[in-house]
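Reminder, nothing fancy here: chain letters follow the sequence lines and each chain counts from 1. Quick note: numbers below take in every heavy atom, side chains included, and nothing from hydrogens, waters or symmetry partners.
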Amino acid sequence: MDATYDPATIEAEAQKYWHDNRSFEVDEKPGADKFYCLTMFPYPSGKLHMGHVRVLTISDVIARFHRMQGRHVLQPMGWDAFGMPAENAAIKHDLAPSDWTYANIDQMRAQMDRLGFAYDWSRELTTCRPEYYRWEQWLFTKLFEKGLVYRQNSVVNWDPVDQTVLANEQVIDGRGWRSGALVERREIPQWFMRITAYADELLDELDRMDGWPTSVRTMQRNWIGRSEGIEISFDVVDHDEPLTVYTTRPDTLYGATYLAVAAEHPLAVEAAADRPELAAFLQECQQTASSEAVLETMAKKGMPLGIDVVHPLTGERVPLWVANFVLMAYGTGAVMAVPAHDQRDWEFARQYDLPIRQVIEPADGSAVDIDAAAWTSKEGRCINSDRFDGLAFQEAFDAIADQLEADGRGRRTINYRLRDWGVSRQRYWGTPIPIIYCDHCGAVPVPEEDLPVVLPEGLKVTGAGSPLVTHEAFVSVPCPTCGRPARRETDTFDTFVESSWYFARYASPDADRMVDEREAYWMPVDQYIGGVEHAILHLLYARFFQKLMRDVGLSTVDEPFARLLTQGMVLKDGAKMSKNKGNTVDPQELVDRYGADTVRLFMIFAAPPEQSLEWSDDGVAGSSRFLKRLWNAVHTHVSSDTPVAGALSDSGKDVRRKTHETIAKVGDDYGRRMTFNTAVAAVMELTNAIGRFDPATKDDHDARQEALEAAVLMLTPVVPHIAHGLWHDLGHAEPVIDAPWPVVDETALERDEMEIVLQVNGKLRGRLRVPTDASRDAIIDAAQADENVQRFVQDQAVRKTIYVPGKLVNLVV
RNA sequence: GCCCGGGUGGCGGAAUUGGUAGACGCUGCGGACUUAAAAUCCGCUUCGAGCAAUCGAGUGCGGGUUCGAGUCCCGCCCCGGGCACCA
């Protein structure tokens, strides 16, 4: 064994061993305890950044730990290869998105291998390949047959100068990021997947998904947003069709003093026909980005339409307004406003001097000042509500609902905040939507035998619309039904479609179906790891797709991810590392300088996986120093002479106790708690103890061998290369990746003495060493006899004595 | 605006079920080795008072529950993530 730690050499040796032995390629081994460990696959954006290194390292630690626990571990890797950045890079550098993407993939794959991740590369997936995306085209056509997809108008951000649809990210302060033009809302026909058909199942299963963080489950629950309410019809004066609104607060119906519709609503458009100032306002409402964050934070504006509606219970006339915060796409495009009991309605009413009528008062009789703010609590009872006065929330809800239903003016409904998933993108670098439009047959799905619809690679991207639209060889096709000339859909799928089923495809990456019977062996994913920024969209869509695959008969699994770990960001100087901020650190330079193990160790040690991680150059150097100390400790041991036979010394006993205490803690930290940082800290403590220990006898020497072996084994998931070498140096022929996890020797944990903390009135006043078998009374007596304790007790009477066994005594005086 | 997190020394963090606040690492300071420096090793390192024993204060802010609160409850402040076309 070399006296000095040379990462470059030992990492190359370990990686060569894994590569030559195909150490991480797995197949379906019957009866094995399978463990499917999966990282959210990366978008191939260029080189690996620190965020990648962190999530990939966390996943690799989990995968390698479970392998050492004897499980049959699958850890695949692939590429979420379609998306907007490739188009932007293509415009900037005048090249094809495909060339840029494949070059990035090659670069990132090589970097991953240099970091020593235990991937089964035989299952590698790339979503921009027709052999991958053909199956989601196939599924789309099946869903078309089942009525789970449909085409409908919906709103996009329109750049009137570039004549193109913008992503929310491309709208900056209401303007297009390239043209600088004011963005408009525009409605265009788009394809939707009916995720709302699965809303109840997606919601109900959250209660049972105890392998997921509660925060993510809560976010999804709120996102789906199931509510029980009433659809109420208001007759519109001089119109035949009533106006329908949904409310969860029918108990406040008597306080409805106005209604508001969206700018695109037919009633608003009709009213604007002969009123230029109203038409101008509707035009202004269009001049805004479509994201909810923008709509909810912009100044609320409105105008009266000069149309009245009729209150369904009182028969009073109530004015109808148009407001910029009401969206046509959500619900019915109309809302009922109760300013006294809804804060947004209250502010709007104040702004436009609309009446505020209190119809609920606190049940406890306390006063509320409706002039100061809306009173939104449900802990009240009705007032000013005719025969419903005095009723509590639920009573009033039921009574008013019954009345409206009896009058034919209302209907109890369950409503969801969740909206169907719009999957159409007016972009080139994506999966073609497999639809052909025929003047005679309408929208026709591409027949199975004509799939895949292959995206022509190598088209020139300009930034003004998708090049597919003008690519006649792609667009012009005969109708599959009637054979007459027809045109292909030129929109592509949202890239979330590709990432909604890749986890299943890894199980059978070469199947001539979407997935084959191997899916049943590997699914569900046992541990999924990725950024918390995916807590809602990606994870909800993936859950939805799993159910779609189940319901077309491809799977029997309900939920795709049994356990979920959401890792935090990598920060530097308190901000997320990003090219924009110019605070990035290139992982490659660190790997070149310190080796992969040091980078991996720092990533794991600096913070628990779920928290953000603050970058520190000095911390990386510290991780490297620790590996040198570990190397030196093993070198010192294997190059020392074995002392003569003799029993274990007291310090040898201490080392054995520390070894087995550490084994117990580290196993719990890796397995149950997933706090890998504290696992590493515990092994550092053990290594420090080994360094201070000078074996006097053969048994002492054996204890040091045992301690070093345990330390190496426990660090193997984090720093597999140095562990590979050291395990060999400690005298083992078999590779450390297949060595079993160390087992706790309970007898080594036994102690003769324990420390008891002494408190007076809850304040620390002393410590006490007592035999482990000391009785409660003996300990309390000794506590009261303690000199410092007596200083604080003096002649005061002890009112209460609290004894926490093995921990503390608290005297209350 | 709404939903979900987070806030502990000079810094990253630890404290697992309400029971010793600051493990482990970094930085800094002091020392050893060296002609010297680097590397390495040893010691100290929450703040204040004290020669010391020890005492007081302290986990974003203000209250509360408890023998005892970083941990539980109520009300705030600040920072981060998401908000349906970034992935």
Counting only side-chain heavy atoms from C-beta out, which of B:C55, B:U27, B:C86 sits nearest to A:Asn788? B:C55
Among B:G1, B:A23, B:A21, which nucleotide sits nearest the side chain of A:Glu296? B:G1
Taking atom C1' in both B:G62 and B:C67, compute the distance separating them and give it to the nearest angstrom. 24 Å
note: A:Phe676, atom CZ; B:G13, atom C1'; distance rounded to Å ~ 16 Å
Do we get A:Arg776 above A:Tyr803's six-membered ring, with its NZ or CZ under 6.0 Å from the centre and within 45° of the axis? no
Quick one: does any side-chain atom of A:Lys576 pair with a main-chain N or O of A:Lys572 as donor and acceptor, under 3.5 Å? no
No-hydrogen, no-angle side-chain donor-acceptor test under 3.5 Å, A:Tyr150 and A:Asp420: yes
Taking only the P atom of each, what is the distance from B:G18 to B:A69 in whole angstrom? 14 Å
Hey, which sits more toward the 5' end of RNA chain B by its nearest nucleotide, A:Arg765 or A:Leu613? A:Leu613
Please give the nucleotide sitting opposite B:C83 as a Watson-Crick or G-U wobble pair, both distances under 3.5 Å, or none. B:G1
Once you apply a heavy-atom cut-off of 4.0 Å, does A:Phe496 come out as touching a base, just sugar-phosphate, or nothing? base
Remember a base hit wins even if backbone is also touched, and classify A:Val156 as base, sugar-phosphate or nothing at under 4.0 Å, heavy atoms. base
Can you find a side chain N or O atom of A:Asn688 that sits less than 4.0 Å from OP1 or OP2 on B:C24? no
According to the interplanar angle, ranging from 0 to 90°, do the rings of A:His534 and A:Phe496 count as parallel (below 30°), tilted (30 to 60°) or perpendicular (above 60°)? perpendicular
Under the 3.5 Å rule, do the base of B:U20 and the side chain of A:Lys763 count as making a donor-acceptor pair? no
Name the nucleic acid region contacted by A:Gln759, choosing base, sugar-phosphate or nothing; use a 4.0 angstrom heavy-atom cut-off, strictly under. base
Between A:Val718, A:Val599, A:Leu601, A:Ile604, which is the residue that forms a side chain to side chain contact (heavy atoms under 4.5 Å, CB included) with A:Ser623? A:Leu601
Side chain A:Asn222 and base B:C3 donor-acceptor under 3.5 Å: no
So A:Thr678, base contact, sugar-phosphate only, or nothing? Heavy-atom distance under 4.0 Å. sugar-phosphate
Atom CG of A:Leu764 and atom C1' of B:G22 are separated, to the nearest Å, by 14 Å
Counting heavy atoms from C-beta on, name the nucleotide in B:A14, B:G25, B:C83 closest to the side chain of A:Pro608. B:A14
Return the value, rounded to whole Å, for the distance between atom CG of A:Asp618 and atom P of B:A39. 11 Å
Quickly work out the A:Gln790 CD to B:A53 P distance and round it to whole Å. 21 Å
Where the side chain of A:Met219 is concerned, which of B:U20, B:C86, B:C3 is the nearest nucleotide? B:C3
Using only side-chain N and O atoms of A:Lys800, determine if any of them is under 4.0 Å from OP1 or OP2 of B:C67. yes
Can you tell me if A:Arg221 touches the phosphate of B:C4, counting only side-chain N or O atoms and a distance under 4.0 Å to OP1 or OP2? no
Rounded to whole angstroms, how far apart are NZ on A:Lys628 and P on B:A39? 9 Å
With both distances under 3.5 angstrom, what nucleotide forms a Watson-Crick or G-U wobble pair with B:G68? none
If you look at every strand shown and take non-hydrogen atoms under 4.0 Å, does A:Glu292 touch a base, only sugar-phosphate, or nothing? base
Grab the two heavy atoms, one from A:Asn88 and one from A:Trp177, that are nearest each other, plus how far apart they are. ND2-CH2, 3.6 Å
For A:Gln426, which contact category applies under a 4.0 Å heavy-atom criterion: base, sugar-phosphate, or nothing? base
Counting side-chain heavy atoms from C-beta on, which of B:C86, B:G12, B:U40 comes nearest to A:Arg625? B:U40
Selection from B:A87, B:G19, B:A84 that lies nearest to any side-chain heavy atom of A:His534: B:A87
Just to be sure I understand the rule, does A:Ser45 reach a base, reach only the sugar-phosphate, or reach nothing, if contact means heavy atoms closer than 4.0 Å? nothing
In terms of side-chain heavy atoms of A:Gln611, which of B:C24, B:U54, B:G13 is nearest? B:G13
May I have the distance from A:Arg54 (atom CZ) to B:G13 (atom P), rounded to whole angstrom? 9 Å
Separation of A:Lys572 atom NZ from B:C79 atom P, in whole Å? 23 Å
C1' atom, B:U65 versus B:G50: distance in rounded Å? 36 Å
Does the A:Arg249 side chain pair with the main chain of A:Thr376, one donor and one acceptor, at a distance under 3.5 Å? yes
Please work out if A:Met569 contacts a base, only the sugar-phosphate, or nothing of the nucleic acid, heavy-atom cut-off 4.0 Å. sugar-phosphate
Under 3.5 Å on both distances, the Watson-Crick or G-U partner of B:U16: none
The glycosidic conformation of B:G9, counting syn as within 90° of 0 and anti otherwise, is syn
OP1 or OP2 of B:C24 versus the side-chain N and O atoms of A:Arg629: is any pair under 4.0 Å? no
Mind checking if A:Ala293 touches a base, just sugar-phosphate, or nothing, with heavy atoms under 4.0 Å? base
With respect to the side chain of A:Asn810, which nucleotide from B:A14, B:C67, B:C24 is positioned closest? B:C67
Pairwise C1' distance for B:A87 and B:G6, with rounding to whole Å: 23 Å
Answer with base, sugar-phosphate or nothing: what part of the nucleic acid does A:Phe82 contact at a heavy-atom distance below 4.0 Å? nothing
Verify whether one side chain among A:Glu489 and A:Trp191 offers a donor that lies under 3.5 Å from an acceptor in the other. yes
Whole-Å C1' distance, B:A23 and B:A39: 27 Å
Base, sugar-phosphate alone, or nothing: which one does A:Val165 contact when heavy atoms must sit under 4.0 Å apart? base
Give one of base, sugar-phosphate or nothing for A:Pro213, where a contact means two heavy atoms less than 4.0 Å apart. nothing
Would you mind checking if A:Arg221 and A:Asp207 are paired as a salt bridge, meaning a charged N to carboxylate O distance below 4.0 Å? yes
Which of parallel (below 30°), tilted (30 to 60°) and perpendicular (above 60°) describes A:Tyr528 and A:Tyr502? tilted
Need one value for A:Tyr43: base, sugar-phosphate or nothing, where a base atom within 4.0 Å counts as base even if backbone is also close, heavy atoms only. sugar-phosphate
Within the 4.0 Å heavy-atom criterion, would you say A:Glu533 contacts the bases, only the backbone, or no part of the nucleic acid? base
Presence of donor-acceptor pair under 3.5 Å, side chain of A:Arg672 and base of B:U16: yes
Could you work out which one of B:A87, B:U16, B:G80 sits closest to the side chain of A:Arg673? B:U16
What is the distance, rounded to the nearest whole Å, between atom NZ of A:Lys300 and atom P of B:G1? 9 Å
In whole angstrom, give me the gap between the P atoms of B:G22 and B:C33. 34 Å
Using only heavy-atom distances, decide whether a donor-acceptor pair under 3.5 angstrom links the side-chain of A:Arg767 to the base of B:U20. yes
Side-chain atoms of A:Ile802 come closest, of B:C4, B:A84, B:G19, to B:G19
Both distances under 3.5 Å, Watson-Crick or G-U wobble: report the partner of B:G25, or none. B:C11
For the C1' atoms, the ones on B:G56 and on B:U34, what distance do you get once it is rounded to whole angstrom? 45 Å
